[in-house]
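Here the structure comes first, spelled out in structure tokens, and everything after it is commentary.
Heavy-atom basis, side chains included; hydrogens, waters and symmetry copies ignored. In what follows, chains carry the letters A, B, and so on, assigned in the order in which the sequence lines appear, proteins first and then strands, with residues in each chain numbered from 1.
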Amino acid sequence: MHYHPENIEPKWRKNWVETQLYKVSNNTEKPKYYVLDMFPYPSGAGLHVGHPLGYIASDIFSRYKRLQGFNVLHPMGYDAFGLPAEQYAIQTGVHPAVSTDENIKRYREQLDNIGFCYDWSREVKTSDPSYYKWTQWIFLQLYGHYYDQNQNKAVSIDELISVFEKEGNASVKAANSQDFIFSASEWQNMNAKQKDDVLMNYRLAYRKTGYVNWCEALGTVLANDEVKDGFSERGGFPVEKKAMMQWSLRITAYAERLLNDLDTLEWSDALKAMQRNWIGRSEGAQVFFDIQGHDQKLEIFTTRPDTIFGATYMVLAPEHDLVGLITTADQKEAVAEYVDYVSSRSEVDRMSEVKEVTGVFTGAYARHPLTGKNIPIWLGEYVLKDYGTGAIMAVPSDDDRDQVFAKKFGLEIIEVVDKTEYPGATAHDKVGKMMNSDFLNGVEVKEAISAMLSKIESLGIGSRKINYKLRDANYSRQRYWGEPFPIAYDKDGVSHALDIYKLPLELPELENFQPASGGKSPVARAEDWVNQYPGMELETDTMPGFAGSSWYFLRYMDAVNDKAFASKEAIDYWQDVDLYVGGTEHAVGHLMYSRCWHKFLYDLGYVPTIEPFKRLVNQGMITAYGYYAENLKFNDDQTLIGNIKDINGQNNMQVGSPIRLAYINDFLDPQGRITKEKFVEYYTSIGKNFNVNGDLLKYHWVKDENGSEFFTVNIVQEKMSKSKYNVQNPDEVVEKYGADCFRMYEMFLGPIEQSKPWDTKGIDGVNRFLRKYWSLYFNENGWNVSSEAPTAEEYKVLHTTIKKVTEDIERFSFNTCVSAFMMCVNELKKLECNKKEILSPLNILLAPFAPFITEELHALLGNIDSVHKASYPVFDAQYMVQDTVEYPVCVNGKKRDMVEVSSKLTPKEVQDIAMTLDNVKKYVEGKELQRVIVVPGKMINLVVKE
RNA sequence: GCCGAAGUGGUGGAAUUGGUAGACACGCUGGACUCAAAAUCCAGUGCUAGCAAUAGUGUGCGGGUUCGAGUCCCGCCUUCGGUACCA
């Protein structure tokens, strides 16, 4: 008679597994719908209450679509390769595969507990050889293709080779990093190694030496999106630039398509903006400057060719290739010293001293292509090697950085844009009239840009060019726990793809997971493995974390296929992901790589759609209530002083007083002081219980004006993780209140997109709702559902709820759905409604939210089949219609009276009646009536002249 | 600096195209039931004044458009997220 979830939920949990209720077929007449969650990294901490937020939302949507008659694919799996498991292995010796499997088991239990409708027969695990076989296969496709800019698609490298054999590379238009032109005969005369090197400059997966993000503490390189503020995203260790031979993905080849196709997606503007920003397209010109006394030309990129008459000097990145060549004898020493100084500085150094200007003169001069004047060539840290050409023409009048540089080193400044007509405008606004600029004088900036572009092209000194901030993605990791590259090198160092029929190339067994010497992966120690092919050595680096996650959504379509990553039939049926739910932390990493891989597979004809994720919803994070440190600073005696505040900025406490901030204890010394050594020690040992998503503290090391080192901490709300002792375990909530209650409460907390702190103080309201809902079906004697015909009022309550809930599910507003259910039950309770014709459809409506209680009641209502196979109730407008409607009559918006009007009238008819009402005069009180506005269902407004 | 999102009671949050701001819930106050408590039920609850009907006021701040603005426009402030010598 009373609601007892602990009796209901285990029963149905078991039943759903036994009846394979959620198994999805690829062969059906039904329309498809694909709902995907971002699969989790199975960390040692298990699920916390923040995790399921998105999963519950997508589960509700899946169940809703299923009730509407769609064949819904709603799978789950694990992003199982990654750094934390390997860090754990280094410390404990436990093989990552073992700890990962344990974690997965735990995750699975927790997921099952919450009642998700995943089709577990399609589970994927990126660390499983049967899965990463296909990750390796896709890599080999990337290796075996180049990007043809004429056809605007990926094309087999064999076709490129045949072009080289016939005519060399002069006419090839491809995304490449090839820096010289060769003829057919030159190609034919190259040896195998030389040919391999050339092809690497075209392949979509290629190897090159370049400056990479090296993280000493993790012993590996990282991709750009894995570095935040000069620290590694995972672990928060310092990152430095280092020149290394690495595999990369030529994602830049797809920059234009990645940018343009964003327009076809139903993603939030914020997310699209982040992607656009990351791609960073800018239009401009490449211009070649002659260098005095040298044949080489200096190539620069500029978005402001109009200001070329204001170019008074040139700046090269210190790492620029021409530096050695052009530096004059008397500047040699100074330049060498400067280049040394720059390379000794870490990324963090550079970032914390952005304002400081450094540079050195090379002694060389370039010739201005329009004025013929000699202008000095400098080196400067502020010019980056890997953006544009690594060289600029400096226009100190219209570029802030150039101006600061020019002032510091006393270089000439020529004003070229007259902005007096635009007070407050900056160079960024691209407005003003040109001056001191020869034939451009008096021309508006925007016209001057296009005029100058034409001039540059007609003079043959350069051409229009588009540049991107997007860089090729670093694809090598010097780690064990990742996909091995199916690549071997022969004795000459020529790369060879492993036969795809020999895939997967599985990881060697290891016992010691410490990085090998010389910055190499631990895999390098498995010598038998490395030398398993006679005369060849296998690549010892492994693939990065994003490799397996860049295509997993395709594997779900046909998860156990061993002939292909998924069958053509399965892909043609499922097409793409209709709804993708996940966190913003993947805005530029995972989502960019997945889109790129999908487009590549599209080019090769393996997938029918140009984009993988049609609609994307970002869920916010559930944060912990916690404390944060403010103005932390190390004293000379190495103790840390500062204020600890709670989440609301109150309860100031001195560090050292009894702190409820548990994790601070982890770096207290025996005297209870926080020392820098202890902090750093703690920070570097954190791998033990370190949650992937949990930064301990977001801190920045800064030097103050006296040169003493301190750090500031600017985290207010923190993500949950085990290492912070603030995990709210969903199982405990489920045990106490039931899964239905947990699901509905997480939805009730607020909009999905918003981050919010977890607290359980409102959970009783949801629990009360479920008990109240249950009590509609029972009285003190037991089951009490009547088959009498409902009243119009009862129908109205039901259909108002159907309308509201259905609309709100579509726009992903689940908190208002829960409110609508609460209101509905309150009203039915008031009407003492126990009619089957009302309760039965209401129960189906509620089923996506609370699958257990509704299943039980559905069965008690006499249904044999599951509520999850029922038909979604349809909104019927006729029940909403009432004979008369009460309208407030307002004068200039102020309510004066109520009138009854037939609801069958149109607003126009209501308006006519209102105009002729006898007492309109009374409302208007002698003033002139201008018009009557009828807001249907809301009000009749008489507008009068005041 | 640049890009993006947001700012509503004691709290979480509603208000979908400009139309009676504060739905739904938490909390709080009072009451019923009870020896008592829990649970449940009923009533009240933006703020100010008033016994009350009621009046005034009210969506970060300052202006504006409109019969009518949380919503639209202009100028600020604050918070959060992203990004940064990107030429």
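When the P atom of B/C3 is taken as reference, atom CZ of A/R281 falls 19 Å away, rounded to whole Å. The CZ atom of A/R811 sits 5 Å away from the C1' atom of B/U16 (whole-angstrom rounding). Between the P atom of B/C86 and the CG atom of A/D400 lies a distance of 10 Å, rounded to the nearest Å. Nucleotide B/U83 holds its P atom 12 Å from the CD atom of A/E585, rounded to whole Å. When the C1' atom of B/C33 is taken as reference, atom CD of A/E780 falls 16 Å away, rounded to whole Å. Between the P atom of B/G12 and the CG atom of A/L53 lies a distance of 17 Å, rounded to the nearest Å. For the pair A/F769 CZ and B/C41 C1', the interatomic distance rounds to 19 Å; values are reported in whole Å.
Less than 4.0 Å separates RNA chain B from at least one heavy atom of each of the following residues of residues 796-804 of chain A: A/K804.
Neither side chain, A/N767 nor A/Y3, offers a donor N or O lying under 3.5 Å from an acceptor on the other. Donor-acceptor pairing under 3.5 Å is lacking for the side chains of A/Y313 and A/E412. Side chains of A/N467 and A/S282: a donor-acceptor N/O pair is absent below 3.5 angstrom, by distance only. No side-chain N or O of A/T307 forms a donor-acceptor pair with one of A/D398 less than 3.5 Å apart. Side-chain contact check for A/K804 and A/S819: no donor-acceptor pair (N or O, by modelled atom type) lies under 3.5 Å. A donor atom on one side chain and an acceptor atom on the other are found under 3.5 Å apart for A/Y338 and A/T358.
B/C73 and B/G18: their C1' atoms are spaced 13 Å apart (whole Å). Rounded to the nearest Å, the gap between the C1' atom of B/C85 and that of B/C2 is 13 Å. Rounded to the nearest Å, the gap between the P atom of B/G12 and that of B/G50 is 30 Å. Taking atom C1' on both nucleotides, B/G70 is separated from B/G82 by 27 Å, rounded to a whole Å. B/C51 and B/A36 have their C1' atoms separated by 35 Å, with the value rounded to a whole Å. Across B/C24 and B/G13, the matching C1' atoms stand 9 Å from one another, rounded to whole Å. Atom P of B/U8 sits at a distance of 22 Å from the matching atom of B/G4, rounded to the whole Å. Separating the C1' atom of B/C41 from that of B/G56 is a span of 36 Å, rounded to the nearest Å.
The nucleotide whose nearest atom lies closest to any side-chain atom of A/T816 is, among B/A14, B/C85, B/G81, B/A14. Proximity note for A/N277 (side chain, C-beta onward) versus B/C85, B/A87, B/G82: the nearest is B/G82. In the set B/G13, B/A39, B/C24, the nucleotide with an atom closest to the side chain of A/P751 is B/G13. Among the nucleotides B/G4, B/C85, B/G81, the one closest to any side-chain atom of A/E381 is B/C85. Nearest to the side-chain atoms of A/R771 among the listed nucleotides B/C24, B/C86, B/A39 stands B/A39. Taking every side-chain heavy atom of A/S819 into account, B/A23 is the closest of B/C67, B/C86, B/A23. Of the candidate nucleotides B/A14, B/C24, B/C67, B/C67 has the atom lying nearest to any side-chain atom of A/V943.
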Can you check nucleotides 26-29 of chain B for protein contacts, nitrogen or oxygen pairs under 3.5 Å, and list what you find?
residue : atom : partner : partner atom : Å
B/C26   : OP1  : A/R768  : NH1          : 2.4
B/C26   : O2'  : A/K761  : O            : 3.1

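For the OP1/OP2 pair of B/A6 and a distance below 4.0 Å, the side-chain nitrogens and oxygens of A/Q754 include no atom meeting the criterion. OP1 or OP2 of B/C86 has not a single side-chain nitrogen or oxygen of A/N467 nearer than 4.0 Å. Proximity of A/N618 to the phosphate of B/G81: no side-chain N or O atom is located under 4.0 Å from OP1 or OP2. Not one side-chain nitrogen or oxygen of A/R276 sits closer than 4.0 Å to the OP1 or OP2 atom of B/G82.
Geometrically, A/R595 engages A/W267 in a cation-pi contact defined by less than 6.0 Å to the ring centre and at most 45° from the axis.
For A/Y745 and A/F742, the ring centers sit 6.0 Å or farther from each other.
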